[in-house]
Amino acid sequence: MKTIGAVLGILAAAFLAGCTMARMAVPPDLPASATAMPVEGRKTFSFDESFHFGGSRVESVRRGWTHSTAWRFLGFESGKAKQTYEFHLKAAGGDSWKAHCATGVRWKEMEFENFLDSQGTLTWPLHSDTGFACTFDREGSKAWKLAMDQGTDDLVMNGVLTDGTAVIKVEGIRKLQGTPIPLGEPSGYLFLGPDGLVGAVEVINNGTVWIAGDVAPDVQSALACTSASLLLYRALK
């Protein structure tokens, strides 16, 4: 039945694409301060994968890590990942972030608890042995880390974004605007803080990013980095 549902979702998306551009269904409880920021400059097939949304710019995208010999995910060697990529993000506030991401990560090999560096304050249920992980670094600031995986029966990834203290859940969705039939792959991801939604990213077509304007600037930058990493992740398929 799940296979049939996935096929119907793909057919629905194809039908919608033929009539109008398919869009992620925007959650009704998205904060009013989270204005839509359309992704501009995103290219599917190009050596230059730079793009921007709002005041944030994603630049220097590179498949593979330029500093793979020096960079490690706390014991996780780059050679153990199926694919790796890195990029720079210049945030709206002027801060510059460096992101490293890896797909096909084996959590048992990279010491999951140490990777999240939560001092035992965070437990995240892993549904599979492999996943998707990123670190977002800014000079003079504590790194944010993203850890996601996909359960055997799931069609989307779910995970957590944390700096070791603050925790934001990342939930994949398949809902499309204007139809009850879900897409056969993620249409986007929701970012949930302790008090509810703080943002979202649409990953189909050109993409759109929403980030609440009333959260701390550091959190806004981390959400911008997460949005960029998920937009680039889809391009790997």
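What you are looking at is a predicted structure, and each value in this text was computed from that prediction instead of being measured.
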Under a 3.5 Å distance rule, please check whether Arg174 uses its side chain to pair with a backbone N or O of Leu183 as donor and acceptor.
yes
If you compare all heavy atoms of Phe191 against all heavy atoms of Ala200, which two are closest, and at what distance to 0.1 Å?
CD1-N, 3.5 Å
Who are the salt bridge (charged side-chain N to carboxylate O under 4.0 Å, His left out) partners of Asp163, not counting sequence neighbours?
none
Dump the intermediate steps for side-chain contact (heavy atoms from CB on, under 4.5 Å) on Val219 and Ile168, then the final yes or no.
CA-CA 9 Å; Val219 176; Ile168 296 174; 3.6 Å; yes
Can you check whether Ile211 reaches Met37 side chain to side chain, under 4.5 Å on heavy atoms?
yes
Where do Cys225 and Phe87 come nearest, in terms of heavy atoms and distance?
O-CZ, 3.7 Å
Assigning hydrophobic clusters by single linkage (Ile, Leu, Val, Met, Phe, Trp, Tyr; side-chain heavy-atom cutoff under 4.5 Å), is Leu30 placed with Leu223?
no
Find out whether Ser60 and His88 are in side-chain contact, i.e. whether some heavy atom of one side chain is under 4.5 Å from a heavy atom of the other.
yes
Looking at Lys142 and Asp218, is any side-chain nitrogen of the basic one under 4.0 Å from a carboxylate oxygen of the acidic one?
no
Taking the side chain as every heavy atom from C-beta outward, state whether Val160 and Val167 have any atom pair closer than 4.5 Å.
yes
Is the gap between the SG atoms of Cys134 and Cys101 under 2.5 Å?
yes
Looking at Ser227 and Val201, what are the two nearest heavy atoms and their distance?
OG-CB, 3.8 Å
Quick one: does Asn206's side chain have a donor or acceptor within less than 3.5 Å of a partner on Pro38's backbone?
no
Indicate the atoms forming the closest heavy-atom contact of Lys145 with Thr135, along with that distance.
CG-CG2, 4.0 Å
Tell me yes or no: between the side chains of Asp137 and Trp144, is some donor less than 3.5 Å from an acceptor?
no
According to side-chain contact (heavy atoms from CB on, under 4.5 Å), who are the partners of Ile173, at least two apart in sequence or on a separate chain?
Met24, Ser187, Leu190
Are any of the side-chain heavy atoms of Trp97 and Asp95 separated by less than 4.5 Å?
yes
Validation row: Leu232, Glu49 side chains within 4.5 angstrom (heavy atoms)
yes
Would you check, one step at a time, whether the test salt bridge (Lys or Arg N to Asp or Glu O under 4.0 Å) holds for Lys90 with Glu59?
CA-CA 8 Å; Lys90 291 184 178 179; Glu59 303 173 339; 3.7 Å; yes
Please give me the minimum heavy-atom distance between Val58 and Ala228, naming the atom from each residue.
CG2-CB, 3.6 Å
Measuring from atom CG of Asp29 to atom CG of Leu197, what distance do you get when rounded to the nearest 0.5 angstrom?
4.5 Å
Does any part of the side chain of Thr208, heavy atoms only, come nearer than 4.5 Å to the side chain of Phe53, both counted from C-beta?
no
Under a 4.5 Å cut-off applied to non-hydrogen side-chain atoms, are Val198 and Leu192 in contact?
no
Taking the side chain from Asp48 and the backbone from Ser50, do they hold a donor-acceptor pair closer than 3.5 Å?
yes
Sequence neighbours excluded, which residues qualify as side-chain contact (heavy atoms from CB on, under 4.5 Å) partners of Met157?
Phe132, Met148, Gln150, Tyr189, Leu230, Tyr233
Just how far is it from atom OG1 of Thr226 to atom CG of Leu161, taken to the nearest 0.5 Å?
4.0 Å
Any side-chain to backbone donor/acceptor pair from Arg42 onto Leu231? Under 3.5 Å, distance only.
yes
With a 4.5 Å cut-off on side-chain heavy atoms, are Glu202 and Trp210 touching?
yes
Closest approach of Pro186 and Val156, non-hydrogen atoms and distance?
CG-CG1, 3.7 Å
Thr179 (side chain) donor-acceptor with Leu176 (main chain) under 3.5 angstrom
no
Show the numbers, then the answer: is there a side-chain contact (heavy atoms from CB on, under 4.5 Å) between Asn158 and Asp149?
CA-CA 6 Å; Asn158 295 288; Asp149 76 341; 5.6 Å; no
Distance-only, no hydrogens or angles: does the Ser33 side chain make a donor-acceptor pair with backbone N or O of Gly213 under 3.5 Å?
yes
